[in-house]
Amino acid sequence: MRILRHPAQAPPADRRRPGRAAWGLALLLVWLALPTLAQQPGAVDIPPILSPDDIHHPVVAHRGMVATQKSEASEVGLEILQRGGNAVDAAVAVGFALAVVLPRAGNLGGGGFLLFHHAADNETFAVDYREMAPAAADRDMFLTADGGVHPERSSFTHQASGVPGTVAGLTYALERWGTLSLADVLAPSIRLAEEGFVVTQDLAANLEVKRPLFSRFPSTMAIFFKADGSPYRVGERLVQKDLAWSLRQLAEHGADAFYRGAIAQRLVDDMARHDGLITMQDLASYEVKLRNPVRGSYRGYKVVSMPPPSSGGVHLIQMLNILEGFPLDVWGHNSADTMHHMAETMKMAYADRSQHLGDADFWPVPVGGLTSKAYAAQQRRQIDPFRSRPSSSLSAGQPAPFESSETTHFSVIDGSGNAVSNTYTLNLSYGSRIVAAGTGILLNNEMDDFSSKPGVPNAYGLVGGEANAISAGKRPLSSMTPTIVLRGGEVFLVTGSPGGSRIITTVLQILLNVIDHEMNIASATHAPRMHHQWLPDELRVEQGMSPDSLRLLAAKGHRVVIRSAMGGTQSILRRDGVLFAATDPRRPDGQAAGY
Ligand code: GLY
């Protein structure tokens, strides 16, 4: 990691490198530790990936790597890779495993986005398995008789659920690119659900916090608390028999079990009993969409990410395009100048997001314009290096929502250089908190990611634009940003994060930390983060920022607020065939596992 310098003290680029002695030592150690790397001519002509000077060190492996938010899921993925499965086999197994061991965000009853880079063809695919609004959904379904927004209907009722896409998305990827059978990749999850997994401190505490909400739904209490209502203690096993039944149905009958068969029937029965909208016809009509990823470039790297209905990829590339014109490396990581230019850039991107982004199958999203270098150049010229521009002076779109932070991401690379970057979610932590009776499946509350009433905040302060109004069959706008960075036609970085509206800026900072600030992937992950989303007009920072930077930012007119940690990245960096991975310490229980 580079030493922070005030811009005025920044030496010219050729003098910013470590001294010859430090380089010599670093090179010697890398040479000794990583023979594969050392044999590559020119292997250290780009930012260092590992140096003995670093405080934080990534997990290193040579063939395959899996990084997830829960160690059991990482072990499942690793086991699949070691048995000869490819990145898609491992990713699908991880996706099902997280539904068991990370119930707050891993899921069968939600949706998400999967990016797959196929090394042999040098091609990247974007699988959209976001939830769809049921046929009976309509624009005003969450409004009260007097035209207000109902405070809870879009979050904690059966009507809050979009038609889930996870099972369709994971099985689509497996059928198209995997090499193992669905039963094979489901086997570890069935075991984890049937035999249980060990409750950690984090899970025990989290379930207790959620007790008041869960207690409204007996079917949910029955899964996450004991029969007498007492909690599972740290070290005890959480067994999920109903979820095991659902997973076995999938192993025996494939995705049809979920969309047409026995699971579908139980989901729909539960909906019918509770005024929910999802019907057998909705489930049978669910469609995975194979989309063109959004693509951009940043300082010689190719960036591939998720297109609408996620806003993530579009605004990641928009922000990179703007920032490419600034010498962030000279200004230094988290210096006031760097943070000021990042904040001004973020503001413009989020202002655009609120106005232009929605499901592109329903609304004309100007993806090409927003991700063009020409537009970025025009936006860059609007940045005053000395003053923060008030959000009120930016375009008159609608504020970006504060979305939930309970999503989860996982990254996988296999020995052939194939990579999967997957982010999926139930929306809020444990989604609607409703388990559909007899399935063990938590239902998403993704309908809340639509704009219930464009332009008007709901009970949680969420406001959105016309582009994201509710419509039958439409997919709600997302911020999920599964991303793959390529260099010389090969995967260089696989990353992504939970964090609601902070996802996009979190992923941005992983890229900037690696590319501009020459951090190894562990340092890039651990470094304190910042976020500005246009409205509210505040620069949100994590603890650990230099007070001097924050003072200088305040002097430029920023309203700086120190808040809780943001994001929870799972990243793998690959160089010269060596894999370096980091799980984000902001979320306990994660693991990067490789071989
Ligand atoms: N529900 C959070 C997101 O899709 O970004």
Side-chain angles (χ1 to χ4, degrees), residues 69 95 98 102-115 126-133 142 154-156 160-166 169 289 291 294 305-316 346 349-350 353-354 357-360 365 399-410 421-433 442-452 458 460-465 467-468 470 474-483 495-508 531 533 566-570 587:
Q69 203 178 320
L98 285 169
L102 188 71
R104 78 188 64 166
N107 67 82
L108 300 183
F113 302 108
L114 181 148
L115 271 191
V127 181
D128 167 0
Y129 60 94
R130 182 75 160 161
E131 296 89 335
M132 291 168 68
F142 297 126
S154 63
S155 296
F156 305 124
S161 293
V163 182
T166 293
K289 301 241 170 167
R291 302 205 183 266
V294 281
S305 193
M306 203 66 212
S310 184
S311 58
V314 167
H315 297 303
L316 174 68
M346 290 173 183
Y350 278 77
R353 179 191 190 277
S354 66
L357 267 287
D359 182 345
V365 181
F402 293 95
E403 289 150 2
S404 110
S405 46
E406 286 302 351
T407 292
T408 193
H409 179 85
F410 52 88
S421 181
N422 185 95
T423 315
Y424 73 155
T425 189
L426 290 163
N427 190 24
L428 296 182
S429 184
Y430 304 91
S432 63
R433 285 90 198 240
L442 278 157
L443 300 172
N444 71 81
N445 55 0
E446 215 63 72
M447 293 297 287
D448 195 55
D449 268 357
F450 281 116
S451 312
S452 293
N458 69 10
Y460 310 96
L462 309 180
V463 188
N468 191 33
I470 303 174
K474 193 173 174 182
R475 296 167 195 238
L477 182 60
S478 171
S479 295
M480 291 189 273
T481 315
T483 297
T495 191
S497 180
S501 56
R502 279 89 55 201
I503 292 174
I504 318 172
T505 52
T506 295
V507 172
L508 171 75
H531 172 77
Q533 60 175 48
M566 295 182 271
T569 54
Q570 306 294 337
R587 313 256 164 167

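All values derive from a computational prediction rather than experimental measurement. Ligands are counted one by one from 1 in listed order, and the atoms in each one are counted from 1 as well.
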Peer 1: Quick check on contacts: which atoms of ligand 1 are under 4.0 angstrom from a heavy atom of Asp449?
Peer 2: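 Contacts of ligand 1 toward Asp449, numbered from 1: 1 (N), 2 (C), 3 (C), 4 (O).
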Peer 1: With nothing but distance in play, are any N or O atoms of Thr407 less than 3.5 Å from an N or O of ligand 1?
Peer 2: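 Min N/O separation from ligand 1 is not below 3.5 Å for Thr407.
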Peer 1: With a 4.0 Å cut-off, would you call Arg587 and Glu406 a salt bridge?
Peer 2: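 A salt bridge is present here (some side-chain N lies under 4.0 Å from a carboxylate O).
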Peer 1: Are the aromatic ring centres of Phe113 and His409 under 6.0 angstrom apart?
Peer 2: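 No.
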Peer 1: Can you list the steps and then say if Ser497 with Thr506 is a side chain to side chain donor-acceptor pair (under 3.5 Å)?
Peer 2: CA-CA 7 Å; Ser497 180; Thr506 295; 4.5 Å; no
Peer 1: Which atoms of ligand 1 have any heavy atom of Arg130 under 4.0 Å away?
Peer 2: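 So the answer, numbered in order with elements, is 4 (O).
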Peer 1: Geometry only, no angles: is Thr425 polar-contacting ligand 1 at N/O separations under 3.5 Å?
Peer 2: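 Between Thr425 and ligand 1, no N or O pair is found under 3.5 Å apart.
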Peer 1: I need the His315 NE2 to Ser305 OG distance, nearest 0.5 Å.
Peer 2: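 Reported to 0.5 Å precision, the distance equals 11.5 Å.
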